[in-house]
Amino acid sequence: MNGDQIFNSINNIQIIIKNHKEEIEKLDQEIGDGDHIFNILRGLDEILNLKEELLDKPVNHIFKQLGMKIMTTVGGSSGALFATLLIGMSKKYSSDLSDLNNLSEMFFEGVQSMKKRGKADVGEKTMLDVLIPVSNNLIELQNETDFEKVANNINNVAKDGMLSTKDIIATKGRASFLGERAKGHIDPGARSSQLAIEAICNQFINK
Amino acid sequence: MKKFVNEVENILTESLTGFGKAHSDIIDVRLSPDFVFRKNKSQNDKVALISGGGSGHEPLHGGFVGYGMLDAACPGQVFSAPTPDQMEAAANEVHKNKGILFIVKNYSGDIMNFEMGADMIEHENQTIIVNDDVAVEDSTFTTGRRGVAGTMIVEKTVGSLAETGALLEDCKIFGDHVNKMTASMGVAFTSCTVPAAGKPTFELSNDEMEFGVGIHGEPGRRREKIKSANQLTDEILETILEDLKPDNNQEVLLHVNGFGGTPLMELYLLFECGQKLLEKKNIKVSRSLVGNYTTSLEMAGGSFTVTKLDADIAKHWDSAVHTPALRWKM
């Protein structure tokens, strides 16, 4: 793992999020207040601006700085949660492990930190409905050598998680104020998280 | 979108800068990280009160910085929680050796960012979570009730107590008490337009309203046909009184808050409806406040807030205050 790969992934995430801007905005306007997409796009712009400064730095340092940047520029729930994810990931990096082992351990740690910060778990109609199953799946597959297979697996788990938010009555976040009215709507944070994972997985599929 | 704007991304900075200049006798504005703070700091040690939240609710919270109320306020992006470094910078600027009291409206984003801010400071600190909106059912399984127009009543009364040199623990207990004695509920006739989005968050037809709406132009509890002011008052105050369960002859503060797009003429009409109804129920409105204090950009509509008064709450409501948006007795 190195700075090039990390920033390449962020680039791909920005492209996929921009391509789905209207959709995410609409999801948020239905059950939230419409700020999610703008917060995400601002965060991506801000961290991509760090590319030159961070490209050659150690991986744990890069993740920590990306987290700090998001923490201080994004705001809202998504800012707090994605910052917590990245800072959590930075703590688990070990230069002795393979990339997939590393990524699994780091992502698991980051998602655990998010659960604590958001006091949320699977089944509450949030981005964690995508991120928790993905982190568990990554741990299971961490010794796999066929990266395309791993990517396909993760992709599917993320999509299932995202779609599962449709029929949940939210108990966390803005959507929880709507009660039954939020039923039938996919959570915008779950959708943007799933798209980010899809962007990363696509780097390993059909290559 | 028709708004006074130069570049959308500069709205907040330009507005905050203007706010600082317009009230330069009372407050100062610091940018990057953004916060508003009191210009004339207290000579005595006191608990420092810091609030904050998404922008778009003006005058909440920056308009309530000054003597007898807040020491600092941290404005986030429109309807988005501020970032932890804003709370850290504000705390370091305004602390006065008796600890920091954060006043936070009950939204996931605000709570998380204030928690992270509290983790970053060395000063002793406590947090009051305001959740006065009875439109949302409270339960241990949900995020719970929202913080809305009752927040400024907590800020006013706890601000007054802090000014007397009270201890952090006592300010925290009093703030939680005022919050429990306070309930709010509102109705929206239109949505509002977040500048970055450029179009209304939702559409309401001419004869519809959102009942039990929050302060972010988010959908309310249910969508209904519009009703007369008396009928709306009945329904809203019934829900509020069910929650507060006032005694016979209970004294209350009645606050009619406009969301930004409704004329004062209608807000006073709504106050008249509310006052009459409470009188019929043997509830005595002995304090009142009518105006646009907790807004939702240009949303039309308004809310009732009722606070049950005891001697302490009444005393701290009546005491002197000098902020950009609330000023009396000095």
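What's counted below: heavy atoms across the whole structure, side chains too, no hydrogens, waters or symmetry copies. Letters A, B, ... are given to chains in the order of the sequence lines, protein chains preceding strands, and every chain is numbered from 1.
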Non-hydrogen atoms of chain A under 4.5 Å away: do they reach the side chain of [X], the backbone, both or neither?
X: B:D119; result: side chain
X: B:Q77; result: side chain
X: B:P33; result: neither
X: B:M87; result: neither

message: Sort by residue number and list every residue of residues 65-78 of chain A having at least one heavy atom under 4.5 Å from chain B.
response: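 Under the 4.5 Å heavy-atom cut-off, A:M71, A:T72, A:T73, A:V74, A:G75, A:G76, A:S77 qualify.
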Under 3.5 Å, sequence neighbours excluded: what are the donor-acceptor pairs made by side chains of residues 52-61 of chain B?
{"residue": "B:S55", "atom": "OG", "partner": "B:G76", "partner atom": "O", "Å": "2.7"}
{"residue": "B:H57", "atom": "ND1", "partner": "B:I215", "partner atom": "O", "Å": "3.3"}
{"residue": "B:H57", "atom": "ND1", "partner": "B:T295", "partner atom": "O", "Å": "2.7"}
{"residue": "B:H57", "atom": "NE2", "partner": "B:H216", "partner atom": "NE2", "Å": "3.3"}
{"residue": "B:E58", "atom": "OE1", "partner": "B:G56", "partner atom": "N", "Å": "3.0"}
{"residue": "B:E58", "atom": "OE2", "partner": "B:G56", "partner atom": "N", "Å": "3.0"}
{"residue": "B:H61", "atom": "ND1", "partner": "B:S51", "partner atom": "OG", "Å": "3.0"}
{"residue": "B:H61", "atom": "ND1", "partner": "B:E155", "partner atom": "OE2", "Å": "2.7"}
{"residue": "B:H61", "atom": "NE2", "partner": "B:G52", "partner atom": "O", "Å": "3.2"}
{"residue": "B:H61", "atom": "NE2", "partner": "B:K105", "partner atom": "NZ", "Å": "2.8"}

message: Consider salt bridge (Lys or Arg N to Asp or Glu O under 4.0 Å). Of B:D132, B:D243, B:D133, which one does B:R145 pass it with?
response: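 Going through B:D132, B:D243, B:D133 one by one, the salt bridge (Lys or Arg N to Asp or Glu O under 4.0 Å) with B:R145 is satisfied by B:D243 alone.
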message: Rounded at 0.5 Å granularity, tell me how far CD in A:E105 sits from CG in A:L97.
response: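 If I round to the nearest 0.5 Å, the distance is 7.0 Å.
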- prompt: Is there a side-chain contact between A:H20 and A:R191, using heavy atoms and a 4.5 Å cut-off?
  reply: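 In contact.
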Can [X] and [Y] be counted as an ion pair, charged N to O under 4.0 angstrom?
X: B:E298; Y: B:K3; value: yes
X: A:E23; Y: A:K21; value: no
X: B:K227; Y: B:E235; value: yes

field: Whether B:T17 side chain and B:T13 backbone form a donor-acceptor pair below 3.5 Å
entry: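 Yes, the answer is positive, given that a donor and an acceptor are paired below the 3.5 Å cut-off.
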Qualifying residue, where the test is side-chain contact (heavy atoms from CB on, under 4.5 Å) with A:S193 and the options are A:I40, A:D129, A:L131: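 Answer after filtering A:I40, A:D129, A:L131: A:L131.
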message: Looking at chain A, which one of B:D85, B:V78, B:I111 has the largest number of heavy-atom pairs inside 4.5 Å, strictly under?
response: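 Of the options given, most contacts go to B:D85.
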field: Between A:I169, A:T84, A:N39, the one whose heavy-atom pairs under 4.5 Å with chain B are most numerous
entry: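 Ranked by heavy-atom pairs under 4.5 Å with chain B, first place is A:N39.
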